[in-house]
Each structure stands twice: as C-alpha cells, then as structure tokens.
Amino acid sequence: MPQAVATAVEGTRDGAGSAVGAGGTGIAQSQGSDFAPLLRAVKGQGLLERRTGWYAMGIAANLVALGAVVTGMFLLGNTWWTLLLALPLAIFWSRTAFVGHDAGHAQITGDRRASRAIGLVHANLLLGMNEAWWNDKHVRHHANPNHIDKDPDVGVGALVWTQKQAAQREGFARWLTRNQARLFFPMLLLEGIALKISGFQYLRQQPARERTLSALLLVAHLGLYASLLLTVMSPGKVVVFALVHHALFGLHLGMAFAPNHKGMEMPDPDGDRWGHLQRQVLTSRNVRGGVLTDWFLGGLNYQIEHHLFPSMPRPHLRLAQPMVRAHCEALGMPYTETGLIESYRQALQHMHEVGEPLR
C-alpha cells in the first residue's frame with residue numbers, strides 16, 4: 001500500500017491525477033477547477049519540492065533522543081524512578097510515528113522503496129505498528145475524509161460519529177455511545193495497544209511476500225522491547241512501565257489526530273459530489289499555534305494544507321497556509337482554524353451531540 005500512497009501523491013506534484021489516491025478516486029482537476037489555480041501557485045513557490053535533508057536531520061535527532069532515553073533507563077536500573085522515562089519515550093515514539101506517516105505520503109523521498117523502508121523501520125520495527133495496515137486505512141481516509149461510507153475513521157467502532165449510527169447501538173455499545181464524549185480521552189489510553197493488535201490482524205490481508213517481512217519486523221519489535229525492559233527492570237515493573245508507556249503513547253497520538261476532522265462537515269453520501277477543494281477544506285480543521293504546537297502535533301495542525309497537498313513536506317505546510325486561506329476567502333469557502341483547546345471542545349461537543357438521543 002505504500003506504493004499506492006506514493007503514486008497518489010505524485011499526481012499532486014505533477015498537477016494532475018489524484019492528490020489522495022485510494023481505489024482510483026482522484027482530483028481529476030481541469031484547468032478551470034477551483035483547485036487548479038491554487039495548485040499552480042503552490043508549485044510555483046516550490047512548496048512541493050521535497051526536503052530530504054530536513055527529514056534526515058530530524059530522523060537522526062529523534063533516534064538520538066530515543067537512544068538517550070534508553071540509556072537513561074539503564075542508568076536508573078531496577079527502580080520505580082525509571083517509570084518517569086515512560087513519558088519521554090512515549091513522546092519520541094510519537095515523533096517516530098509522525099516520520100512513518102510522512103514516509104507513507106512520500107514526503108521524505110520520491111524513491112518508493114526508500115519510502116517503504118523508512119516506514120517499515122519506523123512503524124513495524126520501532127513501534128510495532130504495521131505500516132501496511134496504517135497506509136491502507138489512511139489512504140482511504142484521505143480520499144474521502146468524513147464520508148460515512150468511505151472513510152474508515154468515521155465508521156462504526158468503539159465510537160460513532162452520526163446519530164444514525166448511534167441509533168443502531170445496543171447493550172454495552174449503547175452505554176458507550178451515550179457517554180462517548182466524556183470517555184474519549186480515557187479511551188485513548190488504550191490506543192497504543194490497539195494499534196499493535198490491528199497491525200497483527202491486518203497481516204492476513206497482506207500478500208504472502210509482504211506479510212512475511214511485516215510479521216518478522218513486528219515480532220522483532222516485541223522481542224527487542226521485551227528484552228530491553230526485562231534487562232533493566234523486574235517483571236512487575238516491566239508490566240507497569242509497558243502499560244504506562246503505551247497509554248501515554250496512545251494519548252499523545254490521539255491528541256494529535258483528534259482535532260483534525262471531528263466535528264467538521266460530513267459529506268452527504270446521497271448528495272452532490274464535492275470537488276477536491278471542498279472535500280478537503282470543509283472537512284478539515286487547522287489548529288493555530290507556534291513552534292511548540294507544530295512540534296507537538298507533528299505538523300498535523302496544518303490539516304487543511306496537508307489534505308490538499310499530502311506529499312508536501314511538513315516544513316512547507318505553514319508556508320502554504322496563507323496562500324490556501326487567501327484562496328478559500330476569495331472563493332467564499334469557509335476555512336476553519338481554532339486554538340488547540342477549542343479544537344478539542346468542538347470535537348467533544350460533536351461526540352456529545354451524537355449520543356444525545358440515547359440519553
């Protein structure tokens with residue numbers, strides 16, 4: 001699936017074809033489309049050119065940071081104080097996930113094999129998360145964000161996103177939906193483990209050759225992770241550390257992804273088809289902030305720009321933002337940007353309203 005991502009995003013770089021790819025769904029832009037002038041302007045500024053050197057330095061810095069945390073664990077040894085390092089380890093794991101995300105979008109390099117290799121190392125080996133599963137899911141999301149029938153991120157799961165979905169809930173799921181807004185952040189504490197489980201489950205859907213490599217790296221991750229913890233700590237402390245670490249990792253990732261689309265427009269499956277600009281802008285929310293916000297959210301706070309130009313390198317997203325905002329204003333198209341806390345409030349409000357009929 002990484003090859004499909006790369007093919008899709010290359011379409012944007014060429015000014016034709018699909019910016020999001022997935023099942024053949026593309027922009028299909030004509031010269032007279034609303035998106036074409038913006039695409040030409042962005043290309044003219046060189047914002048679709050890759051920043052491989054920038055990524056190389058970032059990847060190296062993140063690996064050094066991970067190594068420093070591991071060194072700290074050995075220095076502290078078999079003590080409960082080592083548990084404090086679960087927080088920085090979770091933070092730098094999230095940085096690792098952001099690199100895997102960008103590799104899947106071919107933001108780092110135009111070489112598909114290199115992109116997949118980066119994704120396999122960062123996702124499968126370092127995180128124990130199957131990059132093929134993530135890319136398959138994420139490409140479908142990019143193709144039709146917030147589309148109830150096509151976006152897996154708004155399908156029925158532990159949470160639901162429309163009152164129609166809520167009305168079909170029964171038993172414990174019904175109780176969960178009634179309270180999903182207040183349970184959202186606590187449930188994110190389970191996401192780190194859920195990502196691993198989903199990755200292993202997806203192995204059955206991968207071609208045999210790809211499945212073998214993915215499985216070997218996932219198992220290698222588990223072996224290395226367990227060996228590290230058992231070398232440093234006693235079994236009881238290992239269990240506590242692993243649970244806290246994965247809880248913080250899932251919470252961090254959830255906090256980075258939650259503001260992006262929750263509570264935004266949801267296309268009518270039976271209505272008129274939106275063009276690429278509408279489909280990506282109206283369903284996405286940006287989060288304003290400075291360097292710290294950009295770092296904490298891995299550049300995903302520029303969600304509108306990322307969805308319009310998924311192969312755009314992360315450091316260029318903030319540079320494209322004024323152009324995108326001005327273009328939307330000229331067309332009279334809403335461009336949503338909020339603070340971080342307000343983005344969470346809007347997302348939780350939407351989840352609360354979805355569960356309202358069940359209360």
Side-chain angles (χ1 to χ4, degrees), residues 22-23 90 94 97 127-130 132-206 218 239 242-271 283-285 300 303 341-359:
S94 295
L127 300 180
M129 184 176 75
N130 193 336
W133 164 76
W134 169 257
N135 280 324
D136 173 68
K137 176 176 177 288
H138 197 58
V139 165
R140 288 184 284 130
H141 158 70
H142 264 265
N144 292 281
N146 271 12
H147 191 293
I148 202 66
D149 294 332
K150 298 178 181 180
D151 182 358
D153 288 353
V154 291
V156 175
L159 305 173
V160 295
W161 309 103
T162 69
Q163 291 188 352
K164 182 177 180 181
Q165 290 175 332
Q168 300 171 3
R169 305 285 263 181
E170 296 180 352
F172 174 73
R174 189 176 181 87
W175 175 86
L176 193 64
T177 298
R178 284 203 305 268
N179 300 281
Q180 63 179 8
R182 70 184 68 180
L183 294 174
F184 176 68
F185 283 107
M187 290 173 66
L188 288 180
L189 298 175
L190 303 174
E191 186 64 17
I193 295 175
L195 291 173
K196 281 182 164 60
I197 295 174
S198 297
F200 274 99
Q201 291 175 335
Y202 188 77
L203 289 172
R204 296 191 298 268
Q205 302 181 41
Q206 294 181 246
L218 291 176
V239 172
L243 290 175
V244 172
H245 172 218
H246 280 80
L248 293 174
F249 172 57
L251 181 63
H252 186 180
L253 278 189
M255 292 178 70
F257 284 96
N260 301 339
H261 303 280
K262 305 298 183 275
M264 295 302 297
E265 290 279 354
M266 302 185 73
D268 182 359
D270 301 320
T283 61
S284 302
R285 177 194 295 111
L300 297 176
Q303 189 68 193
I341 301 302
E342 174 62 16
S343 73
Y344 294 139
R345 189 200 68 78
Q346 291 181 11
L348 293 175
Q349 180 64 29
H350 174 72
M351 285 185 271
H352 181 76
E353 292 174 353
V354 167
E356 181 66 33
L358 303 187
R359 291 191 295 275

Test item: V160 and Q168 side chains (from C-beta on) under 4.5 Å apart, heavy atoms: no
Heavy-atom pair with the smallest gap, counting every atom of A166 and L358: O-CD1, 3.6 Å
More than 12 heavy atoms from other groups under 6.0 Å of CZ on R204: no
Shortest non-hydrogen separation from G355 to Q180 and the atoms involved: N-NE2, 4.4 Å
No-hydrogen, no-angle side-chain donor-acceptor test under 3.5 Å, T177 and R169: yes
D151 side chain near T283 side chain, heavy-atom distance below 4.5 Å: no
For L159 against M351, the heavy-atom pair lying closest together: CD1-SD, 4.2 Å
Parallel, tilted or perpendicular: ring planes of W161 versus H350, cut at 30 and 60 degrees: parallel
Backbone N/O of H261 and side chain of N146: donor-acceptor pair under 3.5 Å: yes
Within-4.5 Å side-chain heavy-atom neighbours: M187 and L176: yes
Modelled atom types, side-chain donor and acceptor of D136 and Q205, under 3.5 Å: no
Check: V354 main-chain N/O paired with Q165 side-chain donor or acceptor under 3.5 Å: no
Under 3.5 Å donor-acceptor, Q303 side chain and F257 backbone: no
Donor-acceptor under 3.5 Å (Y344 side chain, M255 main chain): yes
Contact check, side chains of S284 and N260, non-hydrogen atoms, under 4.5 Å: no
Note, D153 side chain near K137 side chain (heavy atom, < 4.5 Å): yes
Whether R359 side chain and H352 backbone form a donor-acceptor pair below 3.5 Å: yes
